[in-house]
Amino acid sequence: MTKLISLIAVVLTLLSTATFAETLKVASWNIAWLGSHEYNQRKDSDYQKLARYARELDADVIALQEVENEKWAAKVFGDDYDYFFTTKDWVQRVGVAVRKSSGYKATAVEYRELDQGLARRGMDVTLTKDGKSVRLLAVHMKSGCFDKALDQASIAKMPNTNEKEAYAKTACDELAKQAIPLEAWIDARAKEGVPFILLGDFNRRFVKDISFNYSEIQGLWQTINDEGAEALWAPTIKAESKCWGGYYKDYIDHIIFDPKAKARYVENSFDQLVFGPKYTRELSQTLSDHCPISIELAL
């Protein structure tokens, strides 16, 4: 009995001195053409399906892409979130949803510098609670240059004999221009010393950047990934996407950590919420062609 009492006392002591970190679930989801554009042909039943997946996702913070504004976001996520959206006059806006009950104070500002040509702006959000902060940059980078080299010499050599080739060349040029302010944001955050995360639809297969062994001016990953405080990590680089039966195996949606944020990453928490039905073009338009991804942070 004496030994049992002693054991209980030790356990109680450990429990009283232990520090239990609060976890924050952070997600990213491109919900294709969720807005007033004619491409959005969803019916009430489609919004109900999206809302069911949103409840299953159950994230505290969600980076949103291709969502027009708060009204359209609320059709999927309801009124339990505060919404922050970019203001460029285009239905494919970037936003961040923060769950009201999370207790985090959100300070948001547009990152207009990403608006190069026909590209989208970013949403820069700082979350603060109990004196602790984490900073997020939600992005939707230029589409159409998924793995081509981004240096000007390579872009100049790209063919331009038809509409498809012309679009790809323009896309690579605009993505290369976006890479400059993207890296600048990372450099500035690293100097601040606050944990930071970049997340959203990068429209870039970082696994290809790495496998092609691109130089710093050729690959988007190499451009933004430096050493020390700017050494980045993303769970999507070594994972294969299962969205729509693995239709595209290489991720273009990413959640990227600096070293301080990586230290707060809950091990093996990266997840992709995969839709149940088999892929059809119609379903990819009424649900989305992107499946949401998420991680958890211990703060």
Side-chain angles (χ1 to χ4, degrees), residues 17-29 57-65 67 70 73 77 80-87 93-114 120-141 181-202 224-236 253-271 292-299:
T17 58
T19 301
F20 294 96
E22 177 184 350
T23 59
L24 184 74
K25 187 172 183 180
V26 179
S28 178
W29 193 2
L57 181 63
D58 193 27
D60 300 299
V61 181
I62 310 130
L64 300 169
Q65 303 93 52
V67 179
E70 178 177 346
F77 298 96
D80 296 334
Y81 292 84
D82 290 317
Y83 298 100
F84 307 90
F85 277 94
T86 57
T87 59
R93 294 192 179 102
V94 172
V96 175
V98 180
R99 182 143 43 198
K100 296 174 182 178
S101 61
S102 70
Y104 280 83
K105 178 184 177 182
T107 304
V109 61
E110 282 186 87
Y111 193 49
R112 294 171 178 258
E113 287 80 355
L114 290 179
R120 307 162 190 87
R121 299 170 183 172
M123 181 54 70
D124 183 346
V125 177
T126 300
L127 300 173
T128 305
K129 184 177 182 180
D130 298 332
K132 297 179 181 179
S133 295
V134 61
R135 194 156 176 176
L136 313 176
L137 181 65
V139 303
H140 187 182
M141 305 294 282
L182 189 66
E183 183 183 23
W185 188 91
I186 293 168
D187 292 346
R189 302 294 78 75
K191 289 179 181 178
E192 288 177 352
V194 175
F196 65 86
I197 292 173
L198 300 94
L199 72 169
D201 182 355
F202 287 78
I224 65 176
N225 182 34
D226 294 324
E227 299 177 350
E230 299 164 44
L232 305 180
W233 174 81
T236 44
D253 301 295
H254 302 282
I255 301 177
I256 305 170
F257 300 74
D258 85 310
K260 290 182 181 293
K262 174 63 167 62
R264 301 185 182 192
Y265 171 69
V266 176
E267 201 67 28
N268 299 317
S269 64
F270 173 72
D271 192 26
I293 58 174
S294 65
I295 55 92
E296 292 185 23
L297 293 174
L299 299 172

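Nothing fancy with the numbering, it's 1 onward along the sequence.
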Would you find more than 12 non-hydrogen atoms of other residues, nucleotides or ligands less than 6.0 Å from K105 atom NZ?
no
How about K260: does its NZ atom have over 12 heavy atoms from other parts shown lying under 6.0 Å from it?
no
Would you name the heavy atoms of [X] and [Y] that are closest together and state the gap between them?
X	Y	result
R93	T86	CD-O, 2.9 Å
E110	M123	CG-CE, 4.0 Å
A106	L127	CB-CD2, 3.8 Å
Y104	V98	O-CG1, 4.4 Å
V134	L297	CG2-CD1, 4.4 Å

Working note: T236 + H254, criterion side chain to side chain contact (heavy atoms under 4.5 Å, CB included); need CA distance, chi angles, decisive distance, verdict.
CA-CA 6 Å; T236 44; H254 302 282; 2.6 Å; yes
Any donor and acceptor pair, going by atom type alone, linking the side chain of [X] with main-chain N or O of [Y] inside 3.5 Å?
X	Y	answer
D60	K25	yes
Y111	P181	yes
R99	A59	yes
D258	F196	yes
Y265	F270	yes
S294	A27	no

Determine whether I186 and L232 satisfy the following criterion, side chain to side chain contact (heavy atoms under 4.5 Å, CB included), listing intermediate values before the conclusion.
CA-CA 10 Å; I186 293 168; L232 305 180; 3.9 Å; yes
Given side chain to side chain contact (heavy atoms under 4.5 Å, CB included), test L182 with M141 step by step and report yes or no.
CA-CA 10 Å; L182 189 66; M141 305 294 282; 3.9 Å; yes
No-hydrogen, no-angle side-chain donor-acceptor test under 3.5 Å, S133 and T128
yes
Hey, does [Y] have a side-chain heavy atom less than 4.5 Å from the side chain of [X]?
X	Y	answer
F85	V67	yes
I224	I256	yes
R264	L299	yes

If you round to the nearest 0.5 Å, how far is [atom2] of [Y] from [atom1] of [X]?
X	Y	atom1	atom2	value
D124	T107	CG	OG1	10.0 Å
S28	L198	OG	CG	11.0 Å
I197	I255	CD1	CD1	7.5 Å
W233	K262	CH2	NZ	5.0 Å
F84	L136	CZ	CG	11.0 Å
L137	L199	CG	CG	8.0 Å

Dump the intermediate steps for salt bridge (Lys or Arg N to Asp or Glu O under 4.0 Å) on K129 and E22, then the final yes or no.
CA-CA 11 Å; K129 184 177 182 180; E22 177 184 350; 2.9 Å; yes
Any idea how F77 and Y81 line up, ring-wise: parallel (<30°), tilted (30 to 60°), or perpendicular (>60°)?
perpendicular
Against R121, only a single residue in V94, V139, T87 fulfils side chain to side chain contact (heavy atoms under 4.5 Å, CB included); can you say which?
T87
Worked check of side chain to side chain contact (heavy atoms under 4.5 Å, CB included) between V96 and L64:
CA-CA 6 Å; V96 175; L64 300 169; over 6 Å; no
